[in-house]
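These values consider heavy atoms only, across backbone and side chains, with no hydrogens, waters or symmetry-generated copies. Throughout, protein chains are lettered first and strands after them, A, B, ... in sequence-line order, and every chain is numbered starting at 1.
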2 protein chains.
Amino acid sequence: MKPATPRRSEALSKIRIVEAAIGILDAENSGAGELTLRSVMTQLSTGSGAIYHHVANMDELRAAAADEVLRGALADIPSDLDADEALRLVGLGIFDSIGAHPWVGAQLTRKPFQPAVVLIWKTIGLQLRRLGLGGPAAMSAGSTLANFILGAAAQYAAGPARVADGKDRDAFLKDLGEAWSAVDDDAVVLEIASELGAHDDRQQFMDGIDIILRGMKALPRQTQ
Amino acid sequence: MKPATPRRSEALSKIRIVEAAIGILDAENSGAGELTLRSVMTQLSTGSGAIYHHVANMDELRAAAADEVLRGALADIPSDLDADEALRLVGLGIFDSIGAHPWVGAQLTRKPFQPAVVLIWKTIGLQLRRLGLGGPAAMSAGSTLANFILGAAAQYAAGPARVADGKDRDAFLKDLGEAWSAVDDDAVVLEIASELGAHDDRQQFMDGIDIILRGMKALPRQTQ
DNA sequence: ACCTGAACACCGTTCAAGT
DNA sequence: ACCTGAACACCGTTCAAGT
């Protein structure tokens, strides 16, 4: 009887390597090592040459891993929603993907035109067109939304969102507040640090999207 | 007569190391090598131990270099401007710093709570208070603006802004458009790619800030 | 075509030893 | 206190050799 677990003799392919990388990156959170060429090699019990036969280099592998995760998250936006609501779902999909795979947040700002980033631009662009925006106005609106999402992704990836239970979260915020206070005891900084403990990341992220959507309302629409 | 150029026998200090790092990072653009511990060592003609005596590790050095650059750029915001105008100047200051030092853009999203990022939050927070925003509303507004700026910084750092003259810029955009088309020939992607050639990065960045400032207008003000 | 694995040219960091 | 520089434990990538 054959075992259900994938045998190492299964043919190597790019997608298998990418999935192995995702597994290793997901395990990074629990401090179980890092994604290196060598960790991929041991995971798939193969040599470096075999991996380079399917993947150009480690950068491409990281980009492909983030793309794989986001492509899944952004695939199922219902097409019957109005554009504002769809854009909120795009944001939530990305935010929750990063909640599940924090490394995606850091990866997205590493290379500006990697596949996952192009996918985000494209997904946003599609909805902006449905809003009647085109040309330079669409570019301004799209880059505002995309850059906000990318910046927030990087910020939340290593932030409190990453900490699962409340105990660790408090400890993280306490450490952060102390670190800030040590460097800079300005009143504004202290206020931000204290506010960090009270707020809801996901809600704050959605607030940001709503602020931008509201600001976009004044942009000129396409006469079409 | 003593030479005007700094002698290597000058006492080593953190700021001297940070300035050497900035110099090396600035030279990276012209393909003149990378910032590594060893490049800092040769630049200052010293050993690794000497550097570790002043700086905890390479991450801290990179963060300190970005902080040094931004601190200079954000120092001279006139205090008599109205808050909206001041926030535009903050954005422009960061944008132009990245124009002069592209590596700053990438650095800002590498570690979420590094000194330069705290500085940005603080500078924004100060102006939001002047706008009458406080508590959760200030946090939402501040994180929207900060995350947009950070995302845009990372994006523009390796984008067309980095290319000085028009010829290289066109070549960059042509390559980018071709790379995109090869991966994804969706109409929306092609439209974005073509629009990339026509637009003005700096203007688009400012459009983003204006969209967010407009969206913030609906937030509840502090009754103070 | 696909895979192996030794070899290469790097990294950041540590630390005993010097002044 | 401040600095030296060898040594260590890693990296990603290449490539001749195997099947």
Side-chain angles (χ1 to χ4, degrees), chain A residues 6-28 30-67 103 106-107 109-111 114-115 158, chain B residues 6-28 30-67 103 106-107 109-111 114-115 158:
Chain A
R7 296 165 303 156
R8 67 168 165 72
S9 57
E10 237 174 276
L12 211 51
S13 63
K14 178 162 178 179
I15 183 62
R16 276 198 69 214
I17 296 171
V18 169
E19 274 162 1
I22 292 175
I24 294 168
L25 286 162
D26 284 346
E28 266 185 9
S30 39
E34 289 174 52
L35 178 71
T36 64
L37 176 65
R38 278 157 180 87
S39 67
V40 177
M41 279 162 60
T42 42
Q43 174 91 336
L44 296 171
S45 46
T46 185
S48 55
I51 287 168
Y52 275 86
H53 193 266
H54 296 275
V55 157
N57 52 48
M58 288 302 285
D59 264 17
E60 199 219 56
L61 179 55
R62 286 174 189 278
D67 187 52
W103 51 272
Q107 173 59 33
T109 48
R110 291 189 77 184
K111 293 266 172 180
Q114 61 183 298
Chain B
R7 296 165 302 155
R8 66 168 166 74
S9 57
E10 236 173 277
L12 211 52
S13 63
K14 178 160 178 180
I15 183 61
R16 276 198 68 215
I17 296 171
V18 168
E19 274 162 3
I22 291 174
I24 294 168
L25 286 163
D26 284 347
E28 266 185 9
S30 39
E34 288 173 53
L35 178 71
T36 64
L37 176 64
R38 279 159 180 87
S39 68
V40 177
M41 281 162 58
T42 41
Q43 173 91 335
L44 297 170
S45 47
T46 185
S48 55
I51 288 168
Y52 275 86
H53 192 266
H54 296 276
V55 156
N57 51 48
M58 287 302 285
D59 263 18
E60 199 219 54
L61 179 54
R62 286 175 191 277
D67 188 51
W103 51 272
Q107 173 60 32
T109 48
R110 290 189 77 184
K111 293 266 175 181
Q114 61 182 299

Contact check, side chains of A:M41 and A:S48, non-hydrogen atoms, under 4.5 Å: yes
For atom CD1 of B:I51 and atom P of C:dC11, their distance in whole Å: 13 Å
Rounded to whole angstroms, how far apart are CD on B:E34 and P on D:dC11? 18 Å
Rounded distance (Å) that lies between atom C1' of C:dT14 and atom CG of B:L37: 12 Å
Stems in DNA chain D, runs of 3 or more consecutive Watson-Crick or G-U wobble pairs with both distances under 3.5 Å, sorted by first number, are C:4-8 with D:12-16, C:12-16 with D:4-8
Output the distance between atom CG (B:L37) and atom CG (B:N57), rounded to the nearest 0.5 Å. 10.5 Å
Would you name the heavy atoms of B:Q107 and B:A66 that are closest together and state the gap between them? CG-CB, 3.6 Å
Residue pair B:M58 / B:L61, side-chain heavy-atom distance below 4.5 Å: yes
For B:L12 and B:A50 the tightest heavy-atom approach is CD2-CB, 3.7 Å
Atom NZ of A:K14 and atom P of C:dC2 are separated, to the nearest Å, by 15 Å
Go nucleotide by nucleotide along DNA chain D from the 5' end; which of A:T36 and A:G49 gets its closest nucleotide reached first? A:T36
d(CE, A:M41; C1', D:dT13) in whole Å: 11 Å
Side chain of B:S48, base of C:dT14: donor and acceptor closer than 3.5 Å? yes
Are side-chain heavy atoms of B:L35 and B:E28 found at a separation under 4.5 Å? yes
Could you tell me whether the side chain of B:D59 reaches within less than 4.5 Å of the side chain of B:Q114, counting heavy atoms only? no
Starting at CZ of A:R38 and ending at P of D:dT13, how long is that distance when rounded to a whole Å? 11 Å
Give the residues of residues 52-64 of chain B touching DNA chain C, defined as any heavy atom closer than 4.0 Å, sorted by residue number. B:Y52, B:N57, B:M58
Which value, rounded to the nearest 0.5 Å, describes the distance between B:H54 atom NE2 and B:R16 atom CZ? 9.5 Å
From CD (B:E34) to CD1 (B:I24), nearest 0.5 Å: 11.0 Å
